[in-house]
Colleague: 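The structure under discussion is supplied below as structure tokens; questions concerning it will follow.
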Amino acid sequence: MQALSQLQGKIYFVSDLHLGIPDPASSLERERRFVRWLNEAGGDAQAIFILGDLFDFWFEYKHVVPRGYVRVLGKLAELRDRGIQIFFFTGNHDQWMNNYFEEELQIPVYHHPEQIMIAGKKFFLAHGDGLGPGDHGYKFLKKIFKGKFSRWLFAGLHPGFGMWIGKKWSRNNRLISGDDQEGFLGEEKEWLIQYSKEILKTEHIDYFIFGHRHIVLYHPLGNNSFYINLGDWIKFNSYAVFNGETLEVKYFNS
């Protein structure tokens, strides 16, 4: 991932839209709200980082695109055509991405944590699922789901049947969802904070930014390092923005 050393606009971070749940009407309302946010962010953005779980379930067949989400996909394409950089990190609900975003939208997709320098600050970016101590059941299941054989088996299903299974399974299985308890659990029980502190033992990171936990958190780690959790768009409509000097967590209410 290339550094963004010369800022010509703001840098936005957002995650956990979970488009598709809990029902079509609610998902459509949330999608329209997010498109309004993309319109507003696109007015001064140099780059937008989407840190996973844009969709509640996504599986790419070779010649089939999942139904729906045309508003957000169209808006992302428009922003890219205007020259705004967009980066997508897969989450635990949309980890089955292949190359659709890259080929059709020119949006690079990242499946693992990445570090990037932005205006002299080092950012550590990831969705956050499966990182840090604990969560062993989900980590085991993730290895199975990410395997080539599992993907090949699922791809052999008729898309209509496969998408129905995937959406139902994703909504109901907490191991697949990777759902954690709600609310801040304290440093010792927050696995992503523990994960960040381990990294800080060997190198300095200015900002660790994650999604996944569905909490809004801006937590100091010491020595001018901060852990940020982006919340979600189911409850909070939250995001973070970096202007080259400071990073803020904000809420979209339009």
Side-chain angles (χ1 to χ4, degrees), residues 1-6 8-20 31 34-35 37-39 41-42 45-118 123-131 142-143 145-157 159 162-163 166-167 170 209-212 230 233 239-240 242:
M1 180 178 288
Q2 64 182 8
L4 300 177
S5 55
Q6 299 296 323
Q8 300 173 345
K10 295 179 179 179
I11 311 298
Y12 288 87
F13 306 87
V14 66
S15 73
D16 292 278
L17 273 293
H18 289 272
L19 296 177
E31 182 180 6
F34 185 56
V35 168
W37 178 80
L38 287 171
N39 272 325
Q46 178 176 343
I48 298 173
F49 290 83
I50 302 174
L51 298 188
D53 286 358
L54 176 60
F55 312 104
D56 194 67
F57 179 76
W58 180 275
F59 186 90
E60 290 183 22
Y61 291 87
K62 187 174 182 180
H63 300 293
V64 177
V65 177
R67 179 177 178 177
Y69 320 125
V70 293
R71 291 166 182 81
V72 70
L73 293 174
K75 178 55 63 175
L76 292 174
E78 176 193 325
L79 294 177
R80 284 296 298 121
D81 288 346
R82 286 166 47 190
I84 296 173
Q85 294 175 282
I86 300 175
F87 305 91
F88 191 96
F89 285 70
T90 57
N92 45 304
H93 284 257
D94 44 27
Q95 61 184 297
W96 298 276
M97 281 196 165
N98 287 324
N99 54 15
Y100 177 75
F101 267 44
E102 294 171 332
E103 292 183 354
E104 297 295 329
L105 305 178
Q106 286 75 58
I107 294 176
V109 174
Y110 299 90
H111 298 271
H112 303 285
E114 292 280 343
Q115 294 185 26
I116 180 172
M117 293 293 296
I118 305 177
F123 288 72
F124 187 101
L125 307 175
H127 180 64
D129 62 304
L131 300 179
K142 182 177 180 178
K143 287 183 179 180
F145 285 165
K146 291 285 286 184
K148 292 182 179 180
F149 182 67
S150 298
R151 293 169 65 105
W152 176 79
L153 283 178
F154 196 89
L157 299 175
M163 293 301 293
K167 289 180 179 180
S170 180
I209 304 182
F210 300 98
H212 186 56
L230 295 170
W233 279 62
Y239 63 98
F242 179 64

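Positions are given from 1, in the same order as the sequence printed here. Values reported hereafter were calculated over all heavy atoms of this structure, with side chains retained and with hydrogens, waters and symmetry mates removed. All values derive from a computational prediction rather than experimental measurement.
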Colleague: So which heavy atom on Trp233 is nearest to which on Phe34, and how close?
Modeller: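 The answer is CZ3-CA, 3.8 Å.
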Colleague: When rounded to the nearest 0.5 angstrom, what distance separates CD1 in Ile116 from CZ in Phe124?
Modeller: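 It is 13.0 Å, given to the nearest 0.5 Å.
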Colleague: Is a side-chain N or O of Asp53 found less than 3.5 angstrom from the main chain of Asn92, in a donor-acceptor match?
Modeller: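 Yes; at least one donor-acceptor contact below 3.5 Å.
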Colleague: Which pair of heavy atoms, one from Leu230 and one from Ala240, lies closest together, and at what distance?
Modeller: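 Smallest interatomic distance, heavy atoms only, reads CD2-CB, 3.7 Å.
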Colleague: Report the C-alpha separation of Phe123 and Ile11 in whole Å, then their side-chain angles, then the decisive distance to 0.1 Å, and conclude whether the side chain to side chain contact (heavy atoms under 4.5 Å, CB included) test is met.
Modeller: CA-CA 12 Å; Phe123 288 72; Ile11 311 298; over 6 Å; no
Colleague: Does anything in residues 72-87 pair up under salt bridge (Lys or Arg N to Asp or Glu O under 4.0 Å), and if so which pairs, sequence neighbours excluded?
Modeller: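 Qualifying pairs, neighbours excluded: Lys75-Glu78, Glu78-Arg82.
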Colleague: Provide the closest heavy-atom pair for Ala77 versus Leu105 in the form atom of the first, atom of the second, distance.
Modeller: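 The answer is CB-CD2, 3.7 Å.
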Colleague: Rounded to the nearest 0.5 Å, what's the gap from CG on Asp16 to CG on Asp56? Could you check?
Modeller: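 Asp16 atom CG to Asp56 atom CG measures 10.0 Å (nearest 0.5 Å).
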Colleague: What's the spacing between Leu17 CG and Phe55 CZ if we round to 0.5 Å?
Modeller: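 Output value for this atom pair is 8.5 Å.
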Colleague: On a heavy-atom basis, which atom in Gly68 and which in Leu73 lie closest, and how many Å separate them?
Modeller: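 Closest approach of Gly68 to Leu73, heavy atoms only: O-CD1, 4.3 Å.
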Colleague: Got a donor-acceptor contact below 3.5 angstrom from the His127 side chain to the Leu51 backbone?
Modeller: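 Indeed, once roles are kept as given, a pair shorter than 3.5 Å links the two residues.
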Colleague: From Phe89 CZ over to His112 NE2, what is the distance, rounded to the nearest 0.5 angstrom?
Modeller: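 That separation rounds to 11.0 Å.
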Colleague: Taking Gln8 for its side chain and Gln46 for its backbone only, find out whether a donor-acceptor pair lies under 3.5 Å.
Modeller: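 Answer holds: no.
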Colleague: Using a 3.5 Å distance criterion without hydrogens, assess whether the side chain of Glu31 forms a donor-acceptor pair with backbone atoms of Val72.
Modeller: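 Yes, Glu31 side chain to Val72 backbone: donor-acceptor pair under 3.5 Å.
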Colleague: Apply the test side chain to side chain contact (heavy atoms under 4.5 Å, CB included) to residues Val14 and Trp37: give CA-CA distance (whole Å), side-chain angles for both, the deciding distance (0.1 Å), then the verdict.
Modeller: CA-CA 10 Å; Val14 66; Trp37 178 80; 4.0 Å; yes
Colleague: What is the distance from atom OH of Tyr12 to atom CD1 of Ile86, rounded to the nearest 0.5 Å?
Modeller: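 Atom-to-atom, Tyr12:OH and Ile86:CD1 are 13.0 Å apart.
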Colleague: Going by the rule ring-ring contact (aromatic ring centres under 6.0 Å, His included), which residues pair with Phe49 if we only count those two or more places apart in sequence or in a different chain?
Modeller: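 Phe13, Phe87.
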Colleague: Of all the heavy-atom pairs spanning Ile48 and Ala41, show the shortest one and how long it is.
Modeller: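 Residues Ile48 and Ala41, closest heavy atoms: CD1-CB, 4.5 Å.
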Colleague: What distance do Ile107 atom CD1 and Leu79 atom CG have between them, rounded to the nearest 0.5 Å?
Modeller: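 Separation between the atoms: 8.5 Å.
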Colleague: I need the minimum non-hydrogen distance between Leu4 and Ala47, along with the two atoms involved.
Modeller: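 Scanning both residues, the minimum pair turns out to be CD1-CB, 4.0 Å.
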